[in-house]
Amino acid sequence: MIQVSLERTILLVSGIVVLVGLLLGIFVAPGWFWLTGLMGAHLVQASFTGFCPVVRLLKRMGFPERSGFA
C-alpha cells in the first residue's frame, strides 16, 4: 500500500482548491476567482511564516512526514 506523505498531500489539497476556484469562477460566478487568489496569497504567506492550518490538521490525522520529494 502506498502511503502518501504530508508534503504531497499539501500539494494535492492546494491544487484541488485552485482548480475548484478556477472552475467555479468560469462556470458559476466570477466571484469564485477570489478563492484562487486567496489560496495563492496563503501559499506565499505560509512560505514566509511556516504557518499552515491544513498542515496541523494533517499531522493530527497521522500523515507521515518525508523530506522533499523522496
Chemist: Rounded to the nearest 0.5 Å, what separation is found between the CZ atom of Phe63 and the OG1 atom of Thr9?
Modeler: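 Nearest 0.5 Å value for the CZ-OG1 distance: 4.5 Å.
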
Chemist: Quick one: hydrophobic cluster around Leu23, which other residues, with the 4.5 Å side-chain cut-off, linked directly or via members?
Modeler: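 Answer for Leu23: Leu22, Ile26, Phe27, Phe33.
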
Chemist: With side chain to side chain donor-acceptor pair (under 3.5 Å) as the rule and sequence neighbours excluded, what pairs involving residues 45-57 come up?
Modeler: His42-Gln45, Gln45-Thr49

Chemist: Say whether Leu11 and Leu43 are linked into one hydrophobic cluster, either directly or through other cluster members, by side-chain heavy-atom distances under 4.5 angstrom.
Modeler: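 The answer is no; the residues belong to distinct hydrophobic clusters.
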
Chemist: Are Met39 and Val28 connected into the same hydrophobic cluster when the rule is that any two of I, L, V, M, F, W, Y join if their side-chain heavy atoms are below 4.5 Å apart?
Modeler: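 Yes, because Val28 and Met39 connect within a single hydrophobic cluster, where side-chain heavy atoms sit under 4.5 Å apart.
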
Chemist: Cluster question for you: counting only ILVMFWY and a side-chain heavy-atom cut-off of under 4.5 Å, with indirect links fine, are Val18 and Leu12 together?
Modeler: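 In one cluster with Val18: Leu12, yes.
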
Chemist: State yes or no: do Leu35 and Ile16 share one hydrophobic cluster built from I, L, V, M, F, W and Y residues joined by side-chain heavy-atom distances below 4.5 Å, directly or via other members?
Modeler: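 Hydrophobic grouping puts Leu35 with Ile16.
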
Chemist: Using the rule that two of Ile, Leu, Val, Met, Phe, Trp, Tyr join whenever any of their side-chain heavy atoms come within less than 4.5 Å, decide whether Leu6 and Met61 are in one cluster.
Modeler: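 Looking at the clustering, Met61 is in the same group as Leu6.
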
Chemist: Looking only at heavy atoms, which two atoms of Ser5 and Arg66 are closest? And how far apart?
Modeler: CB-NH1, 3.8 Å

Chemist: Within the 4.5 Å heavy-atom criterion, are Glu65 and Lys59 side-chain neighbours or not?
Modeler: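 A side-chain contact under 4.5 Å exists here.
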
